[in-house]
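Working notes, beginning with the structure itself.
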There are 2 protein chains.
Amino acid sequence: MSGLRYEAAVGKLRGCGYKATPQRLAVLAAISAGQHQRLEEIRARCPEVGMVTVYRALDLFTGLGIVRRLDLGQGPRYELAEDHHHHLVCEDCGSVKEFERCPVDLQSLSRVGGDFEVRAHSLELYGRCSDCR
Amino acid sequence: MSGLRYEAAVGKLRGCGYKATPQRLAVLAAISAGQHQRLEEIRARCPEVGMVTVYRALDLFTGLGIVRRLDLGQGPRYELAEDHHHHLVCEDCGSVKEFERCPVDLQSLSRVGGDFEVRAHSLELYGRCSDCR
DNA sequence: ACTCCAATTGAAAGATTTTTTCATCTACAA
DNA sequence: TTGTAGATGAAAAAATCTTTCAATTGGAGT
């Protein structure tokens with residue numbers, strides 16, 4: 001339950017006028033507890049929260065930009081939007097690793113959009129992990 | 001049915017020992033006919049192909065790397081993997097536009113992986129489109 | 001061209017995932 | 001405290017995806 005990212009997320013939730021219910025906090029804590037988790041894993045971390053509520057919380061959080069939804073194969077995954085990092089996805093075994101160093105040229109990024117206001121970006125790298133080579 | 005990308009995809013299919021059935025060609029043509037289409041749109045372009053076969057074709061194509069599966073919100077989308085471009089996704093209206101100019105620094109990209117062999121990447125930009133501003 | 005067979009298809013059934021409904025409950029502002 | 005708009009959850013419904021299996025067919029070999 002500790003962690004700056006978790007606290008910041010709760011603050012944003014409250015700030016937008018939504019109630020910080022135990023269920024929402026539980027889902028948020030579950031998401032905070034790992035990276036790029038599948039729905040199944042998140043549900044396992046807060047079994048006391050009903051399925052419907054988990055779906056609704058995920059929709060709410062992604063809508064508010066608190067949580068990011070990812071498609072890295074095998075269904076959607078979720079993680080806190082707060083920390084900016086990217087993913088290495090192995091096309092053979094499906095494993096996922098993170099890396100911090102963002103290889104996006106932010107200068108040319110701002111130019112690319114034209115009149116599109118860029119607020120965030122996601123980058124995934126696909127290939128083969130060291131184990132599969 | 002014309003188009004270099006379509007032809008190359010058929011070639012790759014045959015080259016991997018898979019039969020180029022009318023159904024598979026129809027699905028491939030449907031995908032080639034647009035960008036980042038949803039399953040629904042693809043199905044509408046080849047209504048003569050059974051649902052099961054469309055699912056199987058999409059699995060096969062994405063497995064072979066002929067087709068890329070995307071998550072830009074509102075369920076999976078598909079497009080030919082051939083042409084390298086990225087997406088601008090509007091968080092307000094959900095519209096998607098493409099852009100060609102890749103703002104990823106390929107030099108630092110190759111360094112980022114370490115012993116991970118990077119074969120492809122996908123980049124999406126999220127924000128607000130000109131209409132929603 | 002013809003034959004043959006492994007690969008492919010599709011209808012139906014089944015499983016899984018997601019959404020809707022609605023009665024009940026609760027976080028929190030006053 | 002209390003009142004209430006917002007939130008929850010069980011059940012049902014809807015949507016989505018997969019399995020099964022008998023029938024069909026693309027295309028290699030002749």
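Below, chains carry the letters A, B, ... as their sequence lines are ordered, and counting in each starts from 1.
- When all heavy atoms of A/Y126 and B/F116 are compared, the closest pair comes out as C-CE2, 4.1 Å.
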(request) Scan nucleotides 19-30 of chain C nucleotide by nucleotide, 5' to 3', and note B when protein non-hydrogen atoms come under 4.0 Å of the base, S if they reach only the sugar-phosphate, - if neither. (result) BBB----BBS--
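- For the side-chain hydrogen bond (donor to acceptor under 3.5 Å, both in side chains) condition, the pairs that include at least one residue of residues 42-55 of chain B, sequence neighbours left out, are B/Q37-B/R45.
- In this structure, the CG atom of B/L13 is 14 Å from the P atom of C/dA7, given to the nearest Å.
- Residues that satisfy the salt bridge (charged side-chain N to carboxylate O under 4.0 Å, His left out) test with A/E91, not counting sequence neighbours, are B/R119.
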(message) side chain to side chain contact (heavy atoms under 4.5 Å, CB included) for B/E124 and B/L88? Distances and angles first, verdict last.
(response) CA-CA 6 Å; B/E124 282 78 45; B/L88 292 163; over 6 Å; no
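- Taking the six-membered ring wherever Trp is involved, the centroid distance between the rings of B/H87 and A/H121 does not fall below 6.0 Å.
- Contacts of B/H36 classified as side chain to side chain donor-acceptor pair (under 3.5 Å), with partners at least two apart in sequence or in another chain: B/E98.
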(message) Expected output check: what is the dot-bracket annotation of DNA chain D, where ( ) and [ ] are pairs inside the strand (brackets for crossing ones), | is paired with another strand, and pairs are Watson-Crick or G-U under 3.5 Å?
(response) ||||||||||||||||||||||||||||||
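- More than 12 heavy-atom neighbours from other residues, nucleotides or ligands sit within 6.0 angstrom of CZ on B/F99.
- Mapping B/R38 and A/E48 onto DNA chain D by nearest heavy atom places A/E48 closer to the 5' end of the strand.
- Take the nearest nucleotide of DNA chain C for B/G17 and for A/E40: the residue whose nucleotide is more 5' is B/G17.
- Neither side chain, B/E100 nor B/H86, offers a donor N or O lying under 3.5 Å from an acceptor on the other.
- Contact between B/A30 and B/I42 at its shortest, heavy atoms only, is CB-O, 3.8 Å.
- Closest approach of B/C129 to B/C90, counting heavy atoms only: N-SG, 3.5 Å.
- Where DNA chain D meets chain B (any atom under 4.0 Å from a heavy atom), the bounding nucleotides read 5' to 3' are D/dT16 to D/dG27.
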